[in-house]
Each structure stands twice: as structure tokens, then as C-alpha cells.
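Notes follow the structure.
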Number of protein chains: 2
Amino acid sequence: MDDQSVGVPPTLASVAELAGVSRQTVSNAINNPELLRPDTLERVLGVIANVGYTPNRAARQLRSGSSHLIGLRFDPPQEHTANALMDRFLHTLVQTTRATGHHILLFAGAAGDPLDGYDDLLRSTAVDAFVLTDTYTGTPQAAWLQERGAPFVAFGRPWDDPEASHSWVDVDGGAGVAQATDHLIGAGHTAISWLGWEASSRIGEDRRSGWQRRMDEAGLPTHGLAERITDNADAARLAAHQQIDNGASAFVCASDTMALGVLQALAERGLSAGTDTGLVGFDDSAAAQIVGLSSVRQPLEQVAVEVVAALHDILDEPSGDRTGLVLTPTLVVRRSSSA
Amino acid sequence: MDDQSVGVPPTLASVAELAGVSRQTVSNAINNPELLRPDTLERVLGVIANVGYTPNRAARQLRSGSSHLIGLRFDPPQEHTANALMDRFLHTLVQTTRATGHHILLFAGAAGDPLDGYDDLLRSTAVDAFVLTDTYTGTPQAAWLQERGAPFVAFGRPWDDPEASHSWVDVDGGAGVAQATDHLIGAGHTAISWLGWEASSRIGEDRRSGWQRRMDEAGLPTHGLAERITDNADAARLAAHQQIDNGASAFVCASDTMALGVLQALAERGLSAGTDTGLVGFDDSAAAQIVGLSSVRQPLEQVAVEVVAALHDILDEPSGDRTGLVLTPTLVVRRSSSA
DNA sequence: CACACCTCCTTGAACGTTCCAAGTCTAGCT
DNA sequence: AGCTAGACTTGGAACGTTCAAGGAGGTGTG
């Protein structure tokens with residue numbers, strides 16, 4: 001209202017003076033409106049809107065103890081495929097937390113130390129909770145945070161520790177691959193090959209199990225049809241050539257990267273994916289969308305929503321004994337697997 | 001040291017008591033170590049390390065006025081290509097700000113309102129500065145923030161307003177395309193086609209200018225060789241067929257998406273990129289790496305570093321009259337353009 | 001020997017909010 | 001009219017840090 005509005009930001013006290021009430025009343029108008037008489041509330045809110053007042057986050061955090069920030073360690077991707085996935089997940093995370101008044105704080109840590117960064121943020125009370133996204137086999141973050149009593153939710157299940165009692169959300173990779181396998185079986189393929197990662201990858205073996213299960217259920221042979229290779233288009237190309245020599249007519253892959261390698265192998269032999277052969281990848285990457293590759297799509301948006309919901313439970317009711325949640329991916333059918 | 005270390009986090013006062021000094025001395029040990037006598041400093045730092053003290057961010061922010069947070073609006077990508085780019089940029093941003101003690105705060109805004117979200121963070125003094133990444137044609141963020149006196153650095157130059165005096169960093173798309181064109185000319189191609197976006201795209205026209213310039217300098221014709229289409233593989237595929245009919249033997253594209261469309265067109269004709277024809281995309285996407293597509297790579301890591309440097313200048317010396325900086329991309333040569 | 005001076009450290013206040021306990025006012029009851 | 005319950009409002013204190021002054025101790029100088 002006055003010209004003092006420029007330069008000096010409005011504070012609770014200045015709003016109170018303008019509205020002719022006390023600081024606490026203004027605070028209540030914001031945090032507990034039901035405590036005020038309607039006319040008082042209206043007057044106070046009017047002044048707030050007028051001068052454009054927004055509570056100072058630092059002061060609020062200092063007094064109330066909560067920062068309304070969610071920490072997420074954002075490391076450079078280790079695998080090629082991780083990029084785009086994280087992107088979709090992160091977008092939804094930011095969108096969803098908006099509704100709860102939280103923001104996402106990204107931090108980095110020393111490359112070799114998976115725990116680096118968490119400690120500082122925790123001790124400086126900079127964040128209310130963490131979201132873990134890199135809980136692969138053997139990562140110590142979850143146990144470490146839990147031991148410390150820090151609130152967090154993990155994207156990825158605790159493979160190593162079935163006793164873990166923290167909240168987590170994960171995607172059922174096996175179910176996704178099972179869908180893909182069904183799809184190819186339904187199209188008449190009987191020699192369906194699996195191209196996956198090394199057996200040391202828990203996620204990779206989970207995905208492979210979906211193929212194995214469906215092949216077994218359909219009474220189809222799997223011996224010699226599974227290849228465990230590195231996540232690399234060229235390795236997949238070579239493996240595909242070999243599988244084709246062995247009579248394979250369709251492929252389910254643990255990643256789009258591999259599927260694109262298969263696509264090359266098919267092209268080199270003058271075969272066409274979708275007519276002569278069937279091919280399904282995993283992750284529904286941008287490349288898959290462009291080249292018309294069928295792919296298993298993880299419900300990352302839904303994962304993010306569930307992560308936020310779990311976070312909300314933890315922060316609001318400390319007793320919330322929410323634990324694991326497994327979501328099912330969907331199969332996106334494109335040219336590479338449909339005639 | 002004591003068993004009180006569990007539960008109650010150490011504070012400046014508790015550290016001071018343990019070290020036998022005053023609060024301020026502990027504060028100085030952290031922020032102005034040169035003010036302390038060496039032995040006192042050592043003793044205080046010892047206690048700090050012992051009890052695992054980290055200054056409370058809220059209190060520090062409240063008193064000093066700076067949050068050590070950099071705000072970045074993280075909207076769902078409008079264009080397909082934007083994803084991976086943002087990812088690389090963001091990773092380096094997080095890494096680089098780590099050294100300066102800053103963190104990245106991601107926030108979302110209402111879809112229709114490009115200004116939404118900035119205001120609240122500014123008024124609540126939640127962030128020290130912003131990084132803008134969506135400064136396309138006609139976006140009002142930069143002008144709005146500047147008017148408000150808010151510190152920020154933009155990734156992307158102010159095409160519309162050459163008078164703008166804020167700091168920005170951008171990539172010279174024209175120079176990148178010029179490199180690609182040179183490369184194809186050097187390989188013996190004379191009929192090099194340009195596949196780009198609609199003329200309304202400032203960035204698109206900037207890139208196209210690099211092709212135009214080099215073709216002119218080499219005395220090669222460009223008439224009828226430029227196509228302006230939507231950023232879409234299928235549109236590019238169709239355009240490529242037409243250009244091939246017209247005698248084009250090489251393509252420079254404004255995006256990898258388009259280049260992949262061209263790749264399909266070539267395959268459909270039994271032509272091989274790299275031997276019969278030359279093809280270069282833009283952005284060095286994951287797909288380009290997988291299929292062996294030559295592409296212009298933006299120096300996003302370097303952009304992020306420069307953005308942080310500019311930010312540092314602004315925050316530390318308010319007079320710093322740093323303005324624009326244009327970085328040059330590099331050409332990554334792969335099979336699609338080399339025999 | 002007193003004075004100023006430098007070095008090192010300490011004390012009180014303040015940042016803007018929310019919690020706590022106590023205060024004022026209105027209305028209802030006897 | 002006096003008293004009380006309830007609804008609403010108030011002022012003081014506290015969160016943990018940094019800023020601005022000020023104080024203790026020693027050393028050099030007239």
C-alpha cells in the first residue's frame with residue numbers, strides 16, 4: 001500500500017500493524033484460520049494480499065523445525081538408460097510435492113561415497129526427508145538413514161534386506177517382461193530369446209524371471225535362448241545374430257539400448273521387425289518412440305506420486321507403518337512387434 | 001562425546017561450552033578462522049569434529065539473509081529433445097554448486113503461467129538466486145526478475161531484447177551446424193539438405209544460418225534444399241524422401257529426432273548412411289550414440305559451469321556487469337557420416 | 001609508570017517466525 | 001448486577017545463528 005513496499009519486504013509484524021492486530025493473529029490467519037472471527041480474518045487476509053506478504057521460510061523453519069524441503073541426491077548417471085527415467089520421475093516428484101508445499105533439494109556427493117551429502121543436510125536440518133533413487137544391490141543408504149532415524153522413502157526395493165522396515169516403492173520388472181513375452185507368444189512366436197544383463201544384477205534377474213515364467217507356462221523351451229551381456233547396443237547386435245542362427249524369431253530385451261542393437265542385426269539380415277520377427281525393449285525411451293520399438297514402460301509418474309504419499313504419511317504421522325508397494329508397468333506396442 | 005549426543009543435535013552454544021569459549025568464537029572458527037589463535041582454533045575445530053556439529057541452516061539463513069539455495073523451475077518438457085539436455089545440464093549444475101556450498105531447489109509452476117512460483121520463493125527469501133532455462137522467444141521471466149531486482153542467470157540468450165543487461169550463457173547453434181556442414185562438404189558432398197524447424201523458432205533459424213553460411217562460402221547451391229518441418233521423425237522421413245528425389249546426398253538436421261527419421265528413409269531405399277550418404281543430427285542424444293549417428297553436441301557441462309560462475313559474480317559483487325557468453329558446440333562424428 | 005595499541009575473545013542484540021500462557025472482551029446465566 | 005465460560009487476542013520467550021560493540025590481556029612507547 002505505502003511506498004515502503006519497495007525494498008523492505010513485509011513481515012508478520014508490519015502486516016499486523018497495518019491490519020491493526022497482533023503478530024500472532026496474522027500468524028493464525030495463515031496457519032489456523034478457523035481461530036479467527038470471519039471479519040477479522042478477512043481484514044487480515046486483505047492486508048496480506050495487498051502488501052504481498054509471504055512468510056519468511058528461514059524464520060518459520062527455525063521456529064517450527066521443518067524446512068519443507070525433500071532432499072534427493074542427484075548423481076551423474078551410471079548407466080545409459082538411467083537418464084530419461086530419472087527425468088520423468090523427477091518431474092512428477094516436483095509437481096506432486098508442490099501440492100504439499102514441499103520443494104525438492106538436489107545435492108551431489110563424492111563419487112566414491114554413497115553416503116556423502118546426507119549427513120550434512122541432516123545435521124544442518126536443511127531437509128525434512130530424503131528420497132532415495134539409487135538403492136541397487138548393496139547400497140548402504142537405506143540402512144544408514146534408518147539407523148539415524150531420518151525420514152525417507154526409497155524408489156527401489158531392498159533386495160538384500162527383506163527385513164528392512166522402511167517405506168519403498170518399486171516397479172515389478174518381471175511382470176512387465178511377462179506382458180511382453182505374452183504379447184510375442186500371442187503373435188505366434190515360439191522361439192523367443194531373452195537378452196539381459198549379467199546375473200549379478202538383481203533388477204536384471206527380476207526382469208528375466210518374467211520371461212522364464214511365461215515361457216514355462218506356455219510349454220516353450222528356453223534352453224539356450226537367454227543371453228546375459230553388458231548393456232550395450234553392439235553386444236546385443238552380436239548376440240542377436242547368434243540367436244537368429246539358432247532359430248530365434250523374437251526378442252525380449254532388458255533395455256531399449258539392447259533392443260536397438262537387435263534392430264540393427266535384423267536390418268543387417270534384411271529382416272523386418274514386426275513382420276518377420278518380434279522385438280520388445282524396456283524403458284520406453286525416446287529412441288524407442290522414434291524408431292517404433294515396442295517397449296515396457298515403467299509407471300514412473302505413479303511411482304513418484306506414491307513416494308510423495310508415503311513421505312506424507314511418514315512426516316505427518318510418525319507411527320505410519322507403511323512399507324513396500326510394487327507397481328506394474330505397461331507394455332507399449334509399436335511396429336517392432338506388430339504386423 | 002557425552003551420551004547427550006543422541007537426540008539433541010549439537011548447537012553453537014553447546015560446542016562453545018565444551019570447548020570453553022563463547023558462541024561467537026565458535027562461529028568465527030567456522031566463518032573467519034584467521035581471527036583465532038592457532039591453538040584455540042584447533043581446540044574448537046576438534047570439538048566440532050568430535051560432536052559432529054553442522055551449523056543450522058535455518059538460523060544461519062535467518063540471520064545472514066542468504067539461503068545458499070539456487071531456484072530452478074523444472075517444468076515437464078515441452079519438446080521431446082529437451083529431456084536429456086536438461087539432465088546433463090542439471091547434473092553439472094548440482095555438481096558445480098557443491099563447491100560453492102549451494103544447493104539446487106527445484107520447483108514447479110502452473111502450466112499456463114511462466115512466472116508462477118518465482119514470486120513466492122522470492123518473497124519468502126527461500127532462494128538466493130534463480131537459474132532460468134526456458135528463455136525461449138517471448139518468455140517474460142527474465143524481464144520480470146530483473147525488474148524486481150532478483151539475481152539470476154539465464155541459459156539461453158535474450159533473442160527478443162538485445163538491450164537486456166542480465167547475465168546469460170548460450171550455445172552457438174549456428175557454429176555447430178556450420179561444423180557439421182563443413183564436415184559433409186569435406187567428405188565430398190555437394191547437395192547437402194537442411195532439415196529444420198519452422199521459421200518462427202529463433203533457435204532453429206540460428207542453427208539454419210550455420211548451414212546457409214557454409215554452403216554459400218563453398219559456392220554450393222541451397223535453393224530448394226532447406227525443409228522447415230515439425231520436430232518429428234516421420235515428418236523428417238517424408239521430407240528426406242523428397243530431398244533424395246531432388247538429388248540430395250547428405251543431410252544436416254536441427255535435431256536427432258529428425259535425423260533418425262532420415263535414417264529410416266535411407267534404409268527404406270537401401271541406402272547406407274556414411275557410405276552412400278552423409279547425415280548429421282543435433283544434440284548427441286542417447287539414441288544417436290546407440291545407432292551411430294553423427295551429431296552436434298552442446299557443451300552443457302561447460303554451460304552449467306559458466307552459469308555458476310556468473311551466479312557467483314552476481315551474488316558476491318553486486319556491481320559485476322557480466323553479460324552474455326556464447327559457447328561453441330562440438331561435432332561428434334560417427335558412422336552416419338564417415339565411410 | 002601511565003598511556004595507547006594491538007590481539008584475541010566475549011557479550012548483548014537482532015533476524016522473523018511460532019509456541020505458550022495469560023489477557024480482554026462479549027454473551028449467557030443466576 | 002455480578003459472575004463465569006468461551007471465543008478471540010495479546011505480549012513475552014524461544015529457535016540458533018551472525019552482527020556490532022565492547023572487554024581482558026599483553027606489548028611497546030613516551
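Keep in mind the model is a prediction, meaning the values are calculated, not measured. Proteins come first, then strands; the chains are lettered A, B, ... in the order of their sequence lines, and each starts at number 1.
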For a 4.5 angstrom cut-off between non-hydrogen side-chain atoms, does [X] reach [Y]?
| X | Y | value |
| --- | --- | --- |
| D116(B) | R98(A) | yes |
| L12(B) | P55(B) | no |
| D134(B) | F74(B) | no |

Problem - side-chain contact (heavy atoms from CB on, under 4.5 Å) assessment of H103(B) paired with V127(A) - result: CA-CA 11 Å; H103(B) 291 303; V127(A) 299; over 6 Å; no
Exercise for the section: Could you list where the contact with chain A starts and ends along DNA chain C, reading 5' to 3', using a 4.0 Å heavy-atom cut-off? Expected result: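 Reading along DNA chain C, I get dG16(C) to dC20(C).
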Handout entry: Phosphate contact (dT18(D) OP1 or OP2) by R60(B) side-chain N/O below 4.0 Å
Key =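 So the side-chain polar atoms of R60(B) do come within 4.0 Å of the phosphate oxygens OP1 or OP2 of dT18(D), strictly under.
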Practice task
Classify the ring geometry between F89(A) and F155(A) as parallel (under 30°), tilted (30 to 60°) or perpendicular (over 60°).
Solution key: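 Tilted: the ring planes of F89(A) and F155(A) meet at 30° to 60°.
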Problem - Atom pair OG1 (T323(A)) and CZ (R157(A)), whose distance is rounded to the nearest 0.5 Å - result: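 T323(A) atom OG1 to R157(A) atom CZ measures 13.0 Å (nearest 0.5 Å).
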Problem - Nearest non-hydrogen partners of G109(B) and D75(B), listed with the distance - result: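 Taking G109(B) first and D75(B) second, the nearest heavy atoms are N-OD1, 3.9 Å.
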Quick one: [X] [atom1] to [N] [atom2], roughly how many Å, whole number?
| X | N | atom1 | atom2 | result |
| --- | --- | --- | --- | --- |
| R57(A) | dT17(D) | CZ | P | 20 Å |
| Q24(A) | dA14(D) | CD | C1' | 13 Å |
| L62(A) | dA13(D) | CG | P | 18 Å |
| R63(A) | dA13(D) | CZ | P | 13 Å |

Practice task
Decide side-chain contact (heavy atoms from CB on, under 4.5 Å) for V26(A) and V47(A); before the verdict, give the C-alpha distance in whole Å, the side-chain angles of both, and the deciding distance to 0.1 Å.
Solution key: CA-CA 10 Å; V26(A) 180; V47(A) 174; over 6 Å; no
Taking only N/O atoms, report every protein-nucleotides 4-9 of chain D pair under 3.5 Å with atom names and distance.
from	atom 1	to	atom 2	distance (Å)
dT9(D)	OP1	T40(A)	OG1	2.8

